[in-house]
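Working notes, beginning with the structure itself.
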Amino acid sequence: MSYSKEDILRIAKEENVRFIRLQFTDLLGTIKNVEIPLSQLEKALDNKMMFDGSSIEGYVRIEESDMYLYPDLDTWVIFPWVTEDRVARLICDVYMPDGTPFAGDPRGILKRALKEAEEMGYTAMNVGPEPEFFLFKTDEKGNPTLELNDQGGYFDLAPTDLGENCRREIVLTLEEMGFEIEASHHEVAPGQHEIDFKYADAIKAADQIQTFKLVVKTIARQHGLHATFMPKPLFGVNGSGMHCHQSLFKGDKNAFYDESDELGLSVEARHYMAGILKHARAFAAVTNPTVNSYKRLVPGYEAPCYVAWSSSNRSPMIRIPASRGLSTRVEVRNPDPAANPYLALAVMLKAGLDGIKKELPLVAPIDRNIYVMSEEERVEEGIPSLPADLKEALDELIRSEIITEALGDHALTHFYELKEIEWDMFRTQVHQWERDQYMTLY
């Protein structure tokens, strides 16, 4: 829906809203918010609400900390799970005191990439995300345990799927908040779930991913469960991905569709895919941003670890779903739900646009199961692998002119520093596996 300032003030009063959360996202993808009472809502709607940016990960130094939140009025929603002293939410863009957009705001970074697409004649980037998650039981103190809520498998039903009630309530809550849910089901791994919602333009899709995570965690907690979007919480089972279906539009026309093509793909779609494949190793640090992300990207667990495409095969990084016409789209399968959705969509869009600008040729599809190919066969077919760990991904990121340009100097510098620290902490830590392997051996 589209709201005006007057609409929001009226609805807040009619619905007895007492508090409003002005929400934004830090560089690592964590949702942040400033909660204000109803008496301050008009001030916030006039873009006069200030906060301390020096306390937010990857923002600014303490001597330049004053920043302003500009609410996007169309993101107004009342949280349905709070019945007394009702709470509403507005997602905000971050601005500097001089009225210019903050260069390190992830939402603003995605808007910059979309502006480039607009200058190329594209009116929209549509995105259909598929974030997966696990449900774990909590202990008597409410802390997560490693005990899964069920031992169900793909598409299982109750009583095997004990997360069914929780998942159903998540769906109902999302629908109350304006989501159009297309499907919900148990995923392959025990305790793993997926809820698919209808595609939207890129900004709204990223906003929805953040809202989705908040709702899933909130409702799970009400059921005595802990929901995690960690890419690989358990060894030996599938990890959680966030496949991103994407297409570019010119007005009401899908620029990725060409009925005269054998696969129904336009020349632009093929160039876009070529750009994604060319820059995949460089943007992996953003789409797969944690040490743990690379525990998911290994053969044998349905996660794509090879840079290739196919119209049917699910082992490559890019798949072309069967729908055609307005639904023609590219499914990029390597991102995971730990990614900052604004940054992830920005770097994928930038990579695809580079392919279109340079008219990059698309390599032949790989319709074989890449997981069973030998390394020699993969080399012969020209199939690179995604980075094996976060360090390799960071090295690829810093060498890429296109992807570093997508992030901008401010975000790149802070993101790279934060991730270097994360890698170094992991690298120097002594893990239980090492003690199990070496304590008695040496």
>> Testing the 3.5 Å rule here: is there a donor-acceptor pair between the side chains of Glu132 and His243?
In response: no
>> When you compare the side chains of Asn126 and Ser247, does any donor N or O come within less than 3.5 Å of an acceptor on the partner?
In response: no
> Hey, does Arg107 have a side-chain heavy atom less than 4.5 Å from the side chain of Ile109?
Replying inline: no
>> I need the minimum non-hydrogen distance between Leu110 and Ala202, along with the two atoms involved.
In response: CD2-O, 3.8 Å
>> Ignoring hydrogens and geometry beyond distance, is a side-chain donor-acceptor pair present between Glu359 and His271 at under 3.5 Å?
In response: no
>> Under the salt bridge (charged side-chain N to carboxylate O under 4.0 Å, His left out) definition, can you give me all pairs with a residue in residues 238-259, not counting sequence neighbours?
In response: Lys250-Glu268
>> Is the ring pair Phe212/Phe197 parallel, tilted or perpendicular, if the boundaries are 30 and 60 degrees?
In response: tilted
> So which of Pro304, Ser240, Pro233 actually passes side chain to side chain contact (heavy atoms under 4.5 Å, CB included) with Arg296?
Replying inline: Pro304
> Is a side-chain donor-acceptor pair under 3.5 Å present for Ser385 with Arg281?
Replying inline: no
> Gln246 and Tyr272: side-chain donor and acceptor closer than 3.5 Å?
Replying inline: yes
> Of all residues at least two apart in sequence or in a different chain, which pass the side-chain hydrogen bond (donor to acceptor under 3.5 Å, both in side chains) check with Glu377?
Replying inline: Arg368, Ser374
> Is any side-chain heavy atom of Ser310 closer than 4.5 Å to a side-chain heavy atom of Ile366?
Replying inline: no
>> Checking Tyr95 against Tyr70 for the ring-ring contact (aromatic ring centres under 6.0 Å, His included) test, could you report, in this order, the C-alpha distance in whole Å, the side-chain angles of both residues, the deciding distance, and whether it holds?
In response: CA-CA 7 Å; Tyr95 278 72; Tyr70 284 28; 3.8 Å; yes
> Under 6.0 Å between ring centres, would you say that holds for Phe229 and Phe133?
Replying inline: yes
> So, do Tyr122 and Phe249 have ring centers that fall under 6.0 Å from each other?
Replying inline: no
> Can you find a side-chain donor-acceptor pair between His223 and Asn165 that sits under 3.5 Å?
Replying inline: no
>> Which label fits Phe426 and Trp423: parallel for a plane angle under 30°, tilted from 30 to 60°, or perpendicular past 60°?
In response: tilted
>> Tell me if the centroids of the rings in Phe51 and Phe24 come within less than 6.0 Å of each other.
In response: yes
> Looking only at side chains, do Glu422 and Thr290 share a donor and an acceptor under 3.5 Å apart?
Replying inline: no
> Leu38: what forms a side chain to side chain contact (heavy atoms under 4.5 Å, CB included) with it, not counting sequence neighbours?
Replying inline: Ala12, Ile20, Leu41
> Under 3.5 Å, is there a donor-acceptor pair between the Asp207 and Tyr342 side chains?
Replying inline: yes
>> Any non-hydrogen side-chain atom of Leu353 less than 4.5 Å from a side-chain atom of Ile402?
In response: no
